[in-house]
Asker: 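Can you read through this structure? Questions will come right after.
Only a predicted model underlies this, so the values are computations on that prediction, with no experimental measurement involved.
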Amino acid sequence: MNDEERRSAVNAFFKNAGVEPQSLYTLEEALAHSSYSFENNLPFNNERLEFLGDALIGFFAADFLMERFPEATEGDMSRWKSILVSRPALGRCAENMGLGEIVLLGRGEDLAGGRERHSLIGSALEAVVGAIYLSNGLDDAREFTERNVFAHYEEIIASEELMDYKSRLQEIVQKQWKTVPNYTVVHESGPDHLKNFIIEVEVEGRTLARGKGPRKKAAESDAARKALERLEEDL
């Protein structure tokens, strides 16, 4: 789209989101992926704002859950928070909001389908939250996040698809054993287009579970899920 069309799309995005950013410079920084900044020799990209927005969304999520679930345990809220702030959840939200249409990408990243990649546009959404905080203040950043990112929170926290099992397992292991889980490929089979991995997750030499999947990440997630189930039975 040309410059005029993009300006119109950006305005429509924030109008639909219910917020009017006060700093256009900060907004452009939030929407500038590193590939775009590199190609255009810009002195900034959205990674610093992504860092800030990630912290803000985590804080907003914790406060949001505390308010809405006064009887929930710390364990339940930690699990729900990890889902709410997960990259799959943020990526899906960014896609539904149309953020991929207005993010600034380098030509190669754009041609490679970056606008549809949840990890990329989810990161951009974090950067937008950071930009709104710097531009408009904490209240507007919170309102934007609760209205848009947490809009369907009940559906999100109930979604098995969005559960970040590895992050949840790491939180528990760090809390109980002051270390992190270790994932090891114990078996790999099949041709390149039809791989199958079996991965073992262990803590301090103790095997917690084995998982399988067509990709290493999928097998690790399966192993983490089974490990969580085992730990919950032991508690």
Asker: Test of understanding: clusters of I, L, V, M, F, W, Y form through side-chain heavy atoms closer than 4.5 Å, transitively. Do Leu42 and Tyr25 belong to the same one?
Answerer: yes

Asker: For Tyr165, does the six-membered ring have the charged nitrogen or CZ of Lys226 within the cation-pi criterion, i.e. under 6.0 angstrom from the centroid and within 45° of the normal?
Answerer: no

Asker: So, do Glu29 and Leu49 sit near enough that their side-chain heavy atoms are less than 4.5 Å apart?
Answerer: yes

Asker: Report yes if some heavy atom in the side chain of Ser34 is under 4.5 Å from a heavy atom in the side chain of Glu47; otherwise report no.
Answerer: yes

Asker: Hey, is Glu143 close enough to Arg147 for a salt bridge, meaning N to O under 4.0 Å?
Answerer: yes

Asker: Taking atom CD1 of Ile83 and atom CD1 of Ile156, what is their separation to the nearest 0.5 Å?
Answerer: 9.5 Å

Asker: Does the distance from a Lys or Arg side-chain N to an Asp or Glu carboxylate O, for Arg210 and Asp222, drop under 4.0 Å?
Answerer: no

Asker: Ignoring hydrogens and geometry, is there a side-chain-to-backbone donor-acceptor pair from Thr145 to Ala141 under 3.5 Å?
Answerer: yes

Asker: Would you check if Pro181 and Glu202 make a side-chain contact, meaning some heavy-atom pair closer than 4.5 Å?
Answerer: no

Asker: Does a side-chain N-to-carboxylate-O contact under 4.0 Å join Arg117 and Glu109?
Answerer: yes

Asker: State, with a plain yes or no, whether a side-chain heavy atom of Leu65 is found less than 4.5 Å away from one of Lys81.
Answerer: yes

Asker: Run the side chain to side chain contact (heavy atoms under 4.5 Å, CB included) check on Leu99 and Leu31 step by step: do they pass?
Answerer: CA-CA 9 Å; Leu99 185 56; Leu31 296 175; 3.8 Å; yes

Asker: Could you tell me if the side chain of Val173 sits less than 4.5 Å from the side chain of Val180, heavy atoms only?
Answerer: no

Asker: Answer yes or no: is there an ion pair linking Glu220 with Lys216, defined by an N-O contact shorter than 4.0 Å?
Answerer: no

Asker: Any salt bridge linking Glu39 with Arg107? Criterion: basic side-chain nitrogen under 4.0 Å from a carboxylate oxygen.
Answerer: no

Asker: Name the orientation class of the two ring planes belonging to Phe144 and Phe13 (parallel below 30°, tilted from 30 to 60°, perpendicular beyond 60°).
Answerer: tilted

Asker: For the CD1 atom of Ile198 and the CD atom of Glu188, what is their distance to the nearest 0.5 Å?
Answerer: 11.0 Å

Asker: With a 4.5 Å cut-off on side-chain heavy atoms, are Asn16 and Asn148 touching?
Answerer: no

Asker: Identify whether the distance between the nearest side-chain nitrogen and carboxylate oxygen of Glu74 and Lys175 falls below 4.0 Å.
Answerer: yes

Asker: Apply the test side chain to side chain contact (heavy atoms under 4.5 Å, CB included) to residues Phe51 and Glu126: give CA-CA distance (whole Å), side-chain angles for both, the deciding distance (0.1 Å), then the verdict.
Answerer: CA-CA 8 Å; Phe51 168 79; Glu126 290 175 334; over 6 Å; no

Asker: Under 4.5 Å between any side-chain heavy atoms of Met97 and Leu125, yes or no?
Answerer: yes

Asker: Distance under 6.0 Å and angle within 45° of the ring axis: does Arg48 meet both against Phe44?
Answerer: no

Asker: Could you go through Trp80 and Tyr153, starting from their C-alpha distance and side-chain angles, then the distance that decides it, and tell me whether this counts as ring-ring contact (aromatic ring centres under 6.0 Å, His included)?
Answerer: CA-CA 9 Å; Trp80 297 336; Tyr153 71 94; 9.2 Å; no

Asker: Looking at Val103, is its backbone amide N or carbonyl O close enough to the side chain of Arg115 to form a donor-acceptor pair, meaning the two atoms are under 3.5 Å apart?
Answerer: yes

Asker: Would you say that Leu134 contacts Leu52 through its side chain, given a criterion of any heavy-atom pair below 4.5 Å between the two side chains?
Answerer: yes

Asker: Could you check whether any side-chain N or O of Ser135 sits under 3.5 Å from a backbone N or O of Ser23, counting only pairs where one atom can act as donor and the other as acceptor?
Answerer: yes

